[in-house]
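Read the numbers this way: they start at 1 and go in the same order the structure lists the ligands and their atoms.
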Amino acid sequence: MSAAPLIRLSDVHKRYETAGAPTEVLRGIDLDIAHGDFTALQGPSGSGKSTLLHILGLLDRPTSGRYELDGRDVSTLDDDTLSGLRNRTFGFVFQSFHLIPYVTALENVLLPGLYGPQSRRELTARARDILERVGLADRAQFRPGQLSGGQQQRVALARALLNEPSCIFADEPTGQLDSTTSREIMELLARINAQGTTVVMVTHDPQTAAFASSAIHLLDGRIKGDA
Ligand code: ADP
Ligand code: MG
């Protein structure tokens, strides 16, 4: 663990050019995500939460501003280098699970490892371990359509964990789940965080946000409370 924060954004702006009408969605974001944080990104619909999460997760680039990962400016890296870095460092979970419907839970989980150095046998063993960790050892051979929403989100979490990410980004991970299942998923995320993985989660639900140890409130593309 280094002294630098895992992620530091400085004066990040994001502008979308749509049909000649540019919208400035992020308007000067400064923030640090420390190693081991569990951060909730909150704010009204359209305030830029997903946009900010995508930038934090290196899925998208800011229009301007600086992004440092572990003290290193990554803004100038080319797309291939950046996506390699992203795949090794980050895991992602989305509201609608984003699983591949026609392969098993096990195969969904080992997918992010297919381009890495591990053999299929090593990957399979690892995927089984992680499925056990998320409580799905007995569902490895089920396809997503044969699983409940909560179970599908556990598979997505297991997939996000495959490459042992430093940080998991979750965009409304309980948005499609009932309150009991939501709590189970949040307890699992909290446990993963307690075991050392940084978590950044978008949510507009206060009960979900309560699992995080800190909150960032976005309003009109700025962090509320910032000058
Ligand atoms: P939130 O997740 O807080 O609901 P988003 O980050 O998804 O907000 O969106 C913020 C604003 O940016 C919205 O007004 C949305 O329409 C706009 N937006 C998001 N993605 C794009 C895009 N790819 N192209 C153009 N506008 C976009
Ligand atoms: Mg969103």
What atoms in ligand 1 come closer than 4.0 Å to a heavy atom of Thr18?
25 (C)
Atom 14 (O) of ligand 1 sits nearest the protein heavy atom Gly46 O, 4.3 Å
Taking 4.0 angstrom as the limit, do Asp73 and Arg66 come out as a salt bridge?
yes
Using heavy atoms and a 4.0 Å limit, tell me yes or no: is Gly221 in contact with ligand 1?
no
Side-chain touch Thr198/Ile168, heavy atoms, less than 4.5 angstrom
no
Could you tell me, atom by atom, which parts of ligand 1 come under 4.0 Å of a heavy atom of Ser45?
4 (O)
For the OG atom of Ser83 and the CG atom of Leu58, what is their distance to the nearest 0.5 Å?
9.5 Å
Run the salt-bridge test on Arg126 and Glu164 with the 4.0 Å N-O cut-off and return the result as yes or no.
yes
Report yes or no: does Ser45 have an N/O/S atom closer than 2.8 Å to the Mg ion (ligand 2)?
no
Residue, atom name and distance, where the atom is the protein heavy atom closest to atom 23 (N) of ligand 1:
Tyr16 CE2, 3.5 Å
Could you tell me whether some N/O pair between Val25 and ligand 1 is separated by less than 3.5 angstrom?
no
Using a strict threshold of under 4.0 Å (side-chain N to carboxylate O), is an ion pair present between Arg154 and Glu184?
yes
Is it the case that His35 and Asp37 place a side-chain donor and acceptor less than 3.5 Å from each other?
no
A student comparing Thr23, Thr51, Leu26 should find that the heavy atom closest to atom 9 (O) of ligand 1 comes from Thr51
Please report which non-hydrogen protein atom sits nearest to atom 8 (O) of ligand 1, along with the residue it belongs to and the distance in Å to one decimal place.
Gly48 N, 3.3 Å
Under 4.0 Å between a side-chain nitrogen and a carboxylate oxygen: does that hold for Asp79 and Arg61?
yes
Of all the non-hydrogen atoms in the protein, which one sits nearest to atom 7 (O) of ligand 1, and at what distance?
Ser50 CB, 3.7 Å
Determine, for Asp60 against Lys14, whether the closest basic-nitrogen to carboxylate-oxygen distance falls under 4.0 angstrom.
yes
Which of the ligand 1 atoms, numbered from 1, are nearer than 4.0 Å to a heavy atom of Pro44:
3 (O)
